Novice: 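Attaching a single structure in structure tokens format; questions to follow.
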Amino acid sequence: MPELPEVEVVRRGLERWVDGRTVGEVEVLHPRAVRRHPAGGADFAARLTGHRLGTARRRGKYLWIPLADSGFSVLGHLGMSGQLLVQPENAPDEKHLRIRVRFDDALGTELRFVDQRTFGGLSLHDNTPDGLPDVIAHIARDPLDPEFDDAAFQAALRLRRTTVKRALLDQSLISGVGNIYADEALWRARLHYERPTASLTRPRSAELLGHVRDVMNAALAAGGTSFDSLYVNVNGESGYFDRSLDAYGREDEPCRRCGTPMRRRPWMNRSSYFCPRCQRPPRAAAPVGVRA
DNA sequence: CCTGGGACCTGACCGC
DNA sequence: TGCGGTCAGGTCCCAG
């Protein structure tokens with residue numbers, strides 16, 4: 001479930017609570033939680049034990065902790081329902097506790113990976129020369145990365161033969177955007193989710209990118225978006241940006257700009273929320289790829 | 001190559 | 001009360 005702002009909130013929690021600590025013992029309680037670690041749970045636990053954790057980093061929705069004394073990292077993805085929690089050692093196990101990391105110190109807390117739907121997980125990977133776990137080399141920089149290349153993104157967008165929301169969710173083009181913030185940015189930009197990317201002018205795509213950044217920064221300032229206790233920071237607390245959403249989840253409620261009831265449309269096994277007046281569907285165009 | 005559709009999971013909720 | 005259908009914030013893999 002979590003998108004970039006929620007993952008960043010978690011990263012900051014890790015930076016504060018586990019930075020510099022040495023791993024004492026690792027328990028893998030569900031094999032799916034380490035399915036991206038091909039050598040399996042026992043290998044994951046053995047290779048992680050004894051290492052000192054460095055400062056947590058993030059690209060898009062991926063998080064990783066470089067090991068301070070080695071050339072590899074613990075990579076994490078929260079999937080749809082994953083949580084990384086720093087809990088007192090004596091706190092009862094969560095129902096969906098999948099991995100426990102104890103530390104070799106006297107602070108009395110441990111790191112827990114909890115995940116109801118098991119789409120997320122942890123794994124160990126060698127770092128590339130630029131300090132990125134090798135398996136996420138294909139993930140694009142995210143829009144809050146100072147080195148994100150706006151011009152390259154806009155150019156790539158125009159070359160795609162797809163629709164704008166699909167492009168926003170394509171993590172190899174721009175990372176960190178998920179279903180909520182895609183709908184929010186499109187609403188702010190007054191763009192329908194099915195607008196062909198090739199029809200976006202440079203000013204339009206620049207404006208859209210600006211809205212993506214604005215909505216993510218605003219969500220970050222509110223501690224992220226959360227509708228229930230499924231998404232929380234490392235201390236188990238929810239963010240409150242859900243109160244500021246303009247599009248996502250607002251079916252039949254009035255558009256905050258024009259008052260027209262918002263609509264929900266099934267879209268790629270999920271939903272798209274939009275204002276039918278502010279975000280007009282694209283006119284049926286000539287089939288893409290047809291030449292005169 | 002690129003694009004779109006389905007698979008992978010558990011649980012909550014709704015109507016019958 | 002139970003049952004079946006739908007929905008949920010993501011990513012990967014494969015067919016075309």
Side-chain angles (χ1 to χ4, degrees), chain A residues 1-10 29-38 58-63 75-84 94-98 113-123 133 135-140 142 156-186 193-194 196-198 212 215-216 219-220 222-233 238-251 264-273 287-289:
Chain A
M1 302 162 115
E3 304 180 35
L4 186 154
E6 294 74 41
V7 178
E8 175 60 17
V9 168
V10 172
L29 302 163
H30 196 300
R32 263 185 67 81
V34 290
R35 73 189 182 290
R36 293 195 63 171
H37 186 81
R58 182 191 55 72
R59 173 175 284 194
K61 306 169 198 171
Y62 281 91
L63 275 172
L75 177 67
H77 197 290
L78 303 178
M80 293 284 264
S81 55
Q83 306 173 348
L84 277 166
E94 292 76 8
K95 182 174 181 189
H96 302 293
L97 177 62
R98 308 303 190 194
F113 180 70
V114 176
D115 190 10
Q116 179 204 116
R117 292 177 71 186
T118 68
F119 287 160
L122 303 181
S123 48
V135 295
I136 61 163
H138 66 292
I139 300 295
D142 62 65
L157 200 61
R158 286 208 70 157
L159 292 174
R160 292 291 169 108
R161 288 297 175 267
T162 188
T163 51
V164 65
K165 184 167 171 181
R166 285 196 84 103
L168 285 178
L169 297 186
D170 182 342
Q171 307 294 301
S172 66
L173 192 58
I174 179 172
S175 68
V177 184
N179 205 33
I180 294 179
Y181 298 110
D183 280 2
E184 293 301 306
L186 290 169
Y193 59 98
E194 284 183 318
T197 48
V212 170
V215 73
M216 283 184 167
L220 198 46
T225 298
S226 172
F227 308 113
D228 49 42
S229 59
L230 218 46
Y231 167 68
V232 291
N233 67 16
S238 293
Y240 53 88
F241 192 70
D242 60 309
R243 295 173 218 163
S244 305
L245 295 175
D246 291 313
Y248 189 86
R250 299 198 64 245
E251 183 179 19
R264 179 178 77 85
R265 285 287 122 86
W267 185 83
M268 286 182 64
N269 287 325
R270 44 182 53 160
S271 299
S272 275
Y273 297 88
V288 165

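Letters A, B, ... mirror the listed sequences (proteins, then strands); counts begin at 1. Model, not experiment: these values are computed from the prediction.
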Novice: What is the distance, rounded to the nearest whole Å, between atom CZ of A:R58 and atom C1' of C:dG10?
Specialist: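 After rounding, the gap between these two atoms is 16 Å.
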Novice: Side-chain donor-acceptor pair under 3.5 Å between A:R32 and A:T118, yes or no?
Specialist: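 Yes, because at least one side-chain N or O of A:R32 sits under 3.5 Å from a partner of the opposite role on A:T118.
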Novice: Which nucleotide in the set B:dG5, C:dG10, C:dT11 lies at the smallest distance from any side-chain heavy atom of A:Y62?
Specialist: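 Looking only at heavy atoms from C-beta outward on A:Y62, the closest nucleotide is C:dT11.
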Novice: Can you tell me if A:T225 and A:Y181 form a side-chain donor-acceptor pair at under 3.5 Å?
Specialist: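 There is such a pair between these side chains.
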Novice: Tell me what A:Y181 touches on the nucleic acid: a base, only sugar-phosphate, or nothing, going by heavy atoms under 4.0 Å.
Specialist: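 No contact.
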Novice: Kindly point out which of C:dC12, B:dT3, C:dA8 is positioned nearest to the side chain of A:Y248?
Specialist: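 Closest of the options to the side chain of A:Y248: C:dA8.
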Novice: Do A:V177 and A:M216 have side-chain heavy atoms sitting under 4.5 Å apart?
Specialist: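 Touching, per the 4.5 Å side-chain cut-off.
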Novice: Under the criterion side chain to side chain contact (heavy atoms under 4.5 Å, CB included), which of A:N179, A:T197, A:L186 is the partner of A:L168?
Specialist: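 Of all the options given, the one that passes is A:L186.
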Novice: Quick one: do A:K165 and A:E194 make a salt bridge, cutoff under 4.0 Å?
Specialist: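 Here A:K165 does not pair with A:E194 in a salt bridge, since their nearest N and O are not under 4.0 Å apart.
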Novice: Under a 4.5 Å cut-off applied to non-hydrogen side-chain atoms, are A:V215 and A:F241 in contact?
Specialist: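 A:V215 reaches A:F241 side chain to side chain.
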Novice: Figure out the CG/C1' separation between A:D115 and C:dG10, and round it to whole Å.
Specialist: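 Checked: the CG to C1' distance equals 11 Å.
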Novice: What's the CZ-C1' distance between A:R161 and B:dC1, to the nearest Å?
Specialist: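 After rounding, the reported distance stands at 14 Å.
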Novice: Write out a two-atom table: protein N or O, nucleotide N or O from nucleotides 8-12 of chain B, distance below 3.5 Å.
Specialist:
unit_1	atom_1	unit_2	atom_2	d
B:dC8	O3'	A:R32	NH1	3.3
B:dC9	OP1	A:R32	NH1	3.4
B:dC9	O2	A:R117	NE	2.9
B:dC9	N3	A:R117	NH2	3.2
B:dT10	O2	A:Q116	OE1	2.8
B:dG11	OP1	A:K95	NZ	3.3
B:dG11	O4'	A:Q116	OE1	3.2

Novice: Rounding to an integer number of Å, can you tell me how far A:D183 CG sits from C:dG9 P?
Specialist: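 A:D183 atom CG is separated from C:dG9 atom P by 9 Å.
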Novice: Do A:D115 and A:L97 have side-chain heavy atoms sitting under 4.5 Å apart?
Specialist: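 They are not in side-chain contact.
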Novice: Quick check on C:dG9: is either OP1 or OP2 less than 4.0 Å from any side-chain nitrogen or oxygen of A:S81?
Specialist: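 No, A:S81 has no side-chain N/O under 4.0 Å of OP1/OP2 on C:dG9.
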Novice: Decide yes or no for A:L245 and A:Y273: does some side-chain heavy atom of the first lie under 4.5 Å from some side-chain heavy atom of the second?
Specialist: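 No; the side chains remain at least 4.5 Å from each other.
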Novice: Does a side-chain N or O from A:R264 land closer than 4.0 Å to OP1 or OP2 of C:dC7, or not?
Specialist: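 Yes, because at least one side-chain N or O of A:R264 sits under 4.0 Å from OP1 or OP2 of C:dC7.
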Novice: Evaluate the side-chain proximity of A:L78 to A:Q83: yes if any heavy-atom separation is below 4.5 Å, no if none is.
Specialist: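 With C-beta onward as the side chain, the pair stays apart.
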Novice: Which dot-bracket notation, 5' to 3', represents the base pairing of DNA chain B when pairs are defined as Watson-Crick or G-U with both distances under 3.5 Å, crossing pairs as [ ], and inter-strand pairs as |?
Specialist: .|||||||.|||||||
Novice: Using the P atom on both, measure C:dG5 against B:dA7 and round to a whole Å.
Specialist: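 That atom pair is separated by 15 Å.
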Novice: If you pin A:M268 and A:S271 to their nearest nucleotides in DNA chain C, which one's is more 5'?
Specialist: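 The residue closer to the strand's 5' end, by nearest nucleotide, is A:S271.
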Novice: We want to know whether A:R264 and A:S271 form a side-chain donor-acceptor pair, criterion being a heavy-atom distance below 3.5 angstrom.
Specialist: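 There is such a pair between these side chains.
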Novice: For atom P, what is the distance between C:dT11 and B:dA12, given to the nearest Å?
Specialist: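 So the two P atoms sit 24 Å from each other.
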Novice: At under 4.0 Å between heavy atoms, what does A:R270 touch on the DNA or RNA strands: base, sugar-phosphate, or nothing?
Specialist: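 Result for A:R270 = base.
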Novice: Taking any heavy-atom pair under 4.0 Å as a contact, classify A:F241: base, sugar-phosphate, or nothing.
Specialist: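 The residue A:F241 makes no contact with any strand.
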Novice: Does A:H138 make a side-chain N or O approach to OP1 or OP2 of C:dT11 shorter than 4.0 Å?
Specialist: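 Answer is no, no contact under 4.0 Å.
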Novice: Please check the phosphate of C:dG10 (OP1 and OP2 only) for any side-chain N or O of A:Q171 closer than 4.0 Å.
Specialist: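 Answer no for this pair, as no side-chain N or O of A:Q171 is under 4.0 Å from OP1 or OP2.
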Novice: Which nucleotide wins on minimum distance to the side chain of A:E6, given the candidates C:dT11, C:dG9, B:dG4?
Specialist: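 When the side chain of A:E6 is considered, C:dG9 is the closest of C:dT11, C:dG9, B:dG4.
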Novice: When the distance from CG of A:L122 to P of C:dT11 is rounded to whole Å, what number comes out?
Specialist: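 Computing the A:L122:CG to C:dT11:P distance gives 15 Å.
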